[in-house]
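Some notes on the structure that comes next.
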Amino acid sequence: MKLEKMVRNVYPTLTPYTCQLADLPMEELKKALGKQEVIKLSFNENPLGPSPKAIAAMQKALLDLNYYPSSRGEAVMQRIAVKEGVQPGNVILSNGADDMILLVAQTFLEPEDEVIIPEITFVQYLASAHLMGAKPVLSPLKEDYSIDTQALLARITPKTKLIFLCNPNNPTGTIVSAQELKELLRQIPEEVLLVVDEAYHEYAAGGAGYRSAVEFVQQHKNVLVIRTFSKIYSLAAARIGYGIGHPGIIDAINHVRPPFNVNSIAQAGAFASLDDEEHVSESLRVNTEGKYMLYEAFEALGLKYVKSYGNFVFVDTGRDSNKLFDALAKRGIVVRILTGHGLSTSLRVSIGRPQDMKAFIEAFTEIIESE
Ligand SMILES: *Cc1c(COP(=O)(O)O)cnc(C)c1O
């Protein structure tokens, strides 16, 4: 059997999702580290867990698992449309934001099309381009680790199909300002689709200079906003996300979307989550508290960090991040290294509960001071 003859030509560019320590789910982490308790700060998960209203709705939905779910997720779609001030025809659900990224690539990309992607950003954009045999064109960040919109524009050619913009940017936590976003949209050719991944929108909303791209989907036919219920709504394992865009874009993606890509448990949980504003505001409160604890600790250690619009903080430790990762893991704390992005001294630390932050700060400080 010659596997390389069986698989598609793009196969050598693809890599399976890794099973390194930072990528493991909680139970496997505990086993791997031989610990009863682990503080997991590697996935930007909401430490509070889902809204009690969502849990109740999901438990109720279990009783009807014999029935297929709503294909388009009608109820959630309507609810999102009302909340975002758009029409239901502007909304499409997906099996997490990752699925939306994949659907966009499958809908729009031909081999040899160019896809502009910032150099340090969420990895699935690159993976989706590779899957379709498209050509990723990387665009450098600015000195302050924010996405350089001018650099994105400068890379547009007649072959450009898509531009991926992560706002706020994972893993750096920076934003593209409302002004920069407006200017970017003004200059992008109509036939280039701008995909704005707003996985951390709810954390950034109200932050200085931040504006969602949703308000632009009415005037600009070539914008697709991606959101998720995995982050502030705390439904990461349920797998549900959504896109907001011009009805033409949404319809095109619906031609590609599998009919039942979002399960009924996820739909029930998402619907109920949207009605629990208290859970969102409590999550924001805990996040802000933890964020300032991290800032203070990094400042005390004299480390360079980036002010974050998300639920994680990017820090340049100035030393081998692999060693820091190992030393933290030994103490039962797991963070994210960024060596895959070519950053050998930086870490991304998810914001946990205040007690998680306290434990991280104590361990981290001890490790650095004992060098
Ligand atoms: C977490 C994350 C996603 C993936 O979200 P899912 O809905 O869980 O697939 C997508 N984009 C960014 C920027 C993220 O950080």
Side-chain angles (χ1 to χ4, degrees), residues 17-18 22-26 40-47 49-50 54 73 76 80 91-106 115 117-129 131 141 145-147 162-176 194-205 210 212-213 224-244 253 257-258 261-263 265-267 269-270 273-274 283 287 306 308-314 335-336 338 340-341 347-351:
Y17 193 72
T18 64
D23 304 316
L24 299 180
M26 195 51 130
K40 189 180 170 207
L41 307 175
S42 54
F43 261 104
N44 301 344
E45 292 152 330
N46 183 342
V76 185
I80 290 168
V91 183
I92 180 169
L93 301 191
S94 58
N95 190 25
D98 282 355
D99 183 42
M100 200 68 233
I101 294 164
L102 193 61
L103 288 171
V104 168
Q106 290 172 330
V115 182
I117 303 171
E119 258 171 22
I120 302 169
T121 194
F122 191 58
V123 291
Q124 291 306 318
Y125 314 141
L126 190 64
S128 73
L131 179 68
L141 299 197
Y145 293 106
S146 66
I147 291 174
L162 289 182
I163 300 178
F164 279 108
L165 177 66
C166 190
N167 196 34
N169 188 37
N170 177 5
T172 62
T174 57
I175 57 158
V176 158
L194 177 69
V195 179
V196 187
D197 183 342
E198 296 183 354
Y200 302 96
H201 163 75
E202 298 81 3
Y203 290 102
Y210 172 80
S212 166
L224 181 77
V225 176
I226 298 181
R227 300 265 185 88
T228 179
F229 286 92
S230 295
K231 302 291 156 61
I232 207 160
Y233 292 113
S234 210
L235 293 173
R239 312 302 305 134
I240 175 165
Y242 59 98
I244 298 183
I253 301 171
R257 182 181 66 82
N261 60 332
V262 181
N263 72 77
I265 311 279
Q267 290 188 28
S273 290
L274 289 169
S283 302
N287 192 64
V306 180
S308 177
Y309 283 77
N311 63 345
F312 54 88
V313 178
F314 177 94
V335 296
R336 178 71 54 185
L338 301 163
H341 291 88
L347 293 175
R348 189 195 72 191
V349 184
S350 302
I351 297 167

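Ligands are counted one by one from 1 in listed order, and the atoms in each one are counted from 1 as well. Hydrogens, waters and symmetry mates play no part in the numbers below; they use all other heavy atoms, side chains included.
- Remark: ligand 1 and Asn170 share an N or O pair separated by less than 3.5 Å (distance only, no angle test).
- Counting protein heavy atoms only, atom 5 (O) of ligand 1 is closest to Ala97 CB, 3.5 Å.
- With respect to atom 4 (C) of ligand 1, the closest heavy atom belonging to the protein is Asp98 OD1, 3.3 Å.
- Judged by distance alone, with hydrogens and angles left aside, the side-chain atoms of Arg336 form a donor-acceptor pair with the main-chain N or O of Ala22 at under 3.5 Å.
- By the 4.5 Å heavy-atom criterion applied to side chains, Met100 and Leu224 are counted as neighbours.
- Nearest protein heavy-atom contact of atom 14 (C) of ligand 1 is Lys231 NZ, 3.0 Å.
- Of the candidates Tyr200, Phe229, Tyr125, Phe122, the one placing a heavy atom closest to atom 3 (C) of ligand 1 is Phe122.
- Counting all heavy atoms, side chain and backbone alike, Gly173 lies closest to Pro168 at O-CB, 4.4 Å.
- Of the listed residues (Tyr309, Phe312, Phe122, Tyr210), just one forms a ring-ring contact (aromatic ring centres under 6.0 Å, His included) with Tyr200, and that residue is Phe312.
- Shown in contact with Ser230 at under 4.0 Å from a heavy atom are these atoms of ligand 1, numbered in order with element: 6 (P), 7 (O), 8 (O).
- Residue contacts with ligand 1 include Ala199, since one of its heavy atoms falls under 4.0 Å from the ligand.
- Of the N and O atoms on the side chains of Thr172 and Arg348, not one donor lies less than 3.5 Å from an acceptor on the other residue.
- Residues that satisfy the ring-ring contact (aromatic ring centres under 6.0 Å, His included) test with Tyr145, not counting sequence neighbours, are Phe314.
- Contact annotation for Asp197 and ligand 1: only side-chain heavy atoms (C-beta onward) come within less than 4.0 Å of the ligand.
- Listed by atom number, the atoms of ligand 1 under 4.0 Å from Cys166 heavy atoms are 13 (C).
- Applying the ring-ring contact (aromatic ring centres under 6.0 Å, His included) test to Phe229 and every residue at least two apart in sequence or in another chain returns Tyr233, Tyr242.
- In terms of protein heavy-atom proximity, atom 9 (O) of ligand 1 is nearest to Arg239 NH2, 2.7 Å.
- If you number the atoms of ligand 1 from 1 as listed, the ones under 4.0 Å from a heavy atom of Thr228 come out as 5 (O), 6 (P), 7 (O).
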side-chain hydrogen bond (donor to acceptor under 3.5 Å, both in side chains), that's the test. Do Asn311 and Asn46 meet it? Break it down for me.
CA-CA 8 Å; Asn311 63 345; Asn46 183 342; over 6 Å; no
